[in-house]
Amino acid sequence: MTQALTGKVVIITGASSGIGEAAARLLAEQGCQLTLAARSVDKMESLAEELATDCLVLHADMTQPADIANMVERTLERFGRIDVMLANAGIYVPGQFADGDIDSYSMMLKLNVDGVFRCAHAVIPIMKAQGGGDIIVTSSISGHVDIMGEPVYSASKHAVQTFVHTLRRQVAADGIRVMSLAPGPVANPMQWLYEAEEQKRAVEEVGSHLASEDCADAILFMLSRPPHVTIRDLVILPQMNRI
């Protein structure tokens with residue numbers, strides 16, 4: 001059994017590329033109304049023109065509390081409600097901790113952790129007042145496995161996992177589901193520096209990476225479960241991944 005998503009109002013952070021863009025395309029096909037939020041407004045405006053649904057495009061930096069507050073306020077003004085917060089924005093800084101730039105690590109924690117906290121905090125009162133809603137956080141396999149090559153990134157995703165598990169219990173009685181999507185390596189602009197054809201080969205031939213569309217399909221599955229079902233954690237891995 002599934003629930004229809006037609007008419008649902010969805011905020012997608014990090015909507016200009018990768019998983020956010022793929023999720024926007026798929027949810028638009030389901031009849032959702034979308035707020036697309038990221039720093040790359042031109043990319044999102046081009047995306048919105050392609051989607052057969054009502055879209056609000058906003059410049060929003062998830063490290064800036066005022067941008068998050070404006071994103072939520074403008075969405076309410078436009079659509080009158082918020083059914084889904086897809087807290088997807090994030091950055092990836094791997095490498096040997098001792099050799100890395102501490103300011104880059106600090107910025108990653110601010111975006112990957114504090115940005116998620118603030119997005120959830122901003123929409124929970126709204127969802128409580130309207131009788132429910134869904135919060136989905138884009139986490140990572142790194143939130144489940146300690147990966148030596150990315151200590152701070154793994155720390156950020158472990159924090160997200162703990163937040164999802166505990167917040168879920170606090171707001172379940174209000175009809176709010178809190179869920180985490182934890183993919184393995186994804187062939188998207190955050191992790192993958194090659195051209196589109198090489199990304200495609202990594203997904204289809206090598207099997208070493210997921211496609212952003214795989215993650216979007218997983219998000220659709222989570223959102224379309226009936227209201228009494230919560231997919232707390234959904235881990236998806238490419239077939240050849242050895243984690």
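For the numbers below, each heavy atom of this structure counts, side chains included, while hydrogens, waters and symmetry mates do not.
Among all heavy-atom pairs drawn from Ile141 and Gly184, the shortest one is CG2-CA, 3.7 Å. In this structure, Val93 and Met108 approach most closely via the heavy-atom pair N-SD, 3.3 Å. Residues Ala122 and Ile68 come closest through the heavy atom pair CB-CG2, 4.4 Å. Among all heavy-atom pairs drawn from Gly95 and Pro151, the shortest one is O-CD, 3.5 Å. Closest non-hydrogen pair, Pro183 versus Leu210, comes out as CB-CD1, 3.8 Å. Annotation for His144 and Ser140: closest pair CD2-O, 3.6 Å, computed over non-hydrogen atoms.
Here the straight-line distance linking atom OH of Tyr92 with atom CD of Glu150 works out to 4.0 Å at 0.5 Å rounding. Expressed to the nearest 0.5 Å, how far CD1 of Ile91 lies from OG of Ser156 amounts to 8.5 Å. Once rounded to the nearest 0.5 Å, the distance linking CD1 of Ile124 with CG of Asp174 reads 8.5 Å. For the atom pair CG (Leu220) and CD (Glu29), the distance works out to 9.5 Å, reported to the nearest 0.5 Å. Going from atom CZ of Arg25 over to atom CD of Glu213 covers 8.5 Å, rounded to the nearest 0.5 Å. Taking CG of Leu181 as the reference point, atom CG of Asn88 lies at 9.0 Å (rounded to 0.5 Å).
With hydrogens and angles disregarded, no donor-acceptor distance shorter than 3.5 Å links the side chain of His121 to the backbone of Phe117. Counting only distance, with no hydrogens or angles, the side chain of Asp134 and the backbone of Val84 share no donor-acceptor pair below 3.5 Å. Judged by distance alone, with hydrogens and angles left aside, the side-chain atoms of Thr53 form a donor-acceptor pair with the main-chain N or O of Cys32 at under 3.5 Å. A donor-acceptor pair is defined here as one N or O able to donate and one able to accept, closer than 3.5 Å; such a pair exists between the side chain of Ser224 and the backbone of Phe221. A donor-acceptor contact shorter than 3.5 Å links the side chain of Thr162 to the backbone of His158. Distance alone, capped at 3.5 Å, places no donor-acceptor pair between the Gln30 side chain and the Leu5 backbone. Side-chain atoms of Lys157 come within 3.5 Å of backbone atoms of Thr138 as a donor-acceptor pair (strictly under, hydrogens ignored). Using modelled atom types, no side-chain atom of Asp233 and backbone atom of Ala182 make a donor-acceptor pair closer than 3.5 Å. In terms of modelled atom types and a separation under 3.5 Å, the side chain of Gln130 and the main chain of Ile82 share a donor-acceptor contact. A donor-acceptor contact shorter than 3.5 Å is absent between the side chain of Ser106 and the backbone of Asp103.
With a 4.5 Å cut-off on side-chain heavy atoms, Met85 and Ile136 do not count as touching. Between Thr13 and Met71, some side-chain heavy-atom pair lies under the 4.5 Å cut-off. Within the 4.5 Å cutoff, the side chain of Pro238 has heavy atoms near those of the Pro185 side chain. Proximity of Phe163 to Val113: side-chain heavy atoms (C-beta onward) are nowhere separated by under 4.5 Å.
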Could you give me the CA-CA distance, side-chain angles and deciding distance for Ser180 and Leu234, then say whether side chain to side chain contact (heavy atoms under 4.5 Å, CB included) is met? CA-CA 6 Å; Ser180 162; Leu234 183 53; over 6 Å; no

Starting from the C-alpha separation in whole Å, work towards a yes-or-no answer on ring pair (Phe, Tyr, Trp, His ring centres under 6.0 Å) for Tyr105 and Phe97. CA-CA 9 Å; Tyr105 292 144; Phe97 177 75; 5.4 Å; yes

Let me see the working for Val160 and Asn112 under side chain to side chain contact (heavy atoms under 4.5 Å, CB included), right down to the final yes or no. CA-CA 8 Å; Val160 162; Asn112 291 6; 5.6 Å; no

Report the C-alpha separation of Leu86 and Ile135 in whole Å, then their side-chain angles, then the decisive distance to 0.1 Å, and conclude whether the side chain to side chain contact (heavy atoms under 4.5 Å, CB included) test is met. CA-CA 6 Å; Leu86 176 51; Ile135 298 170; over 6 Å; no

Check the pair Ile231 / Arg225 against side chain to side chain contact (heavy atoms under 4.5 Å, CB included), numbers first and verdict last. CA-CA 8 Å; Ile231 308 298; Arg225 295 312 89 197; 3.9 Å; yes

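Legend: side chain to side chain donor-acceptor pair (under 3.5 Å) pairs involving residues 58-79, not counting sequence neighbours, sorted by first then second residue: Thr35-Thr75, Asp54-Arg78, Asp61-Thr63.
Under the rule for a side-chain contact (heavy atoms from CB on, under 4.5 Å), the partners of Ala24 that lie at least two apart in sequence or sit in another chain are Ile12, Leu34, Leu36, Leu47, Leu51.
With Arg232 as the fixed residue, the side chain to side chain contact (heavy atoms under 4.5 Å, CB included) test singles out one of Met179, Arg168, Gln161, Met222: Arg168.
Ser212 and Glu21 form no side-chain donor-acceptor contact under 3.5 Å, judged by distance and modelled atom types alone.
Atom CZ of Arg39 sits in a sparse spot, with 12 or fewer heavy atoms from other residues, nucleotides or ligands closer than 6.0 Å.
One hydrophobic cluster holds both Met107 and Ile102 under the rule that ILVMFWY side chains link at heavy-atom gaps under 4.5 Å.
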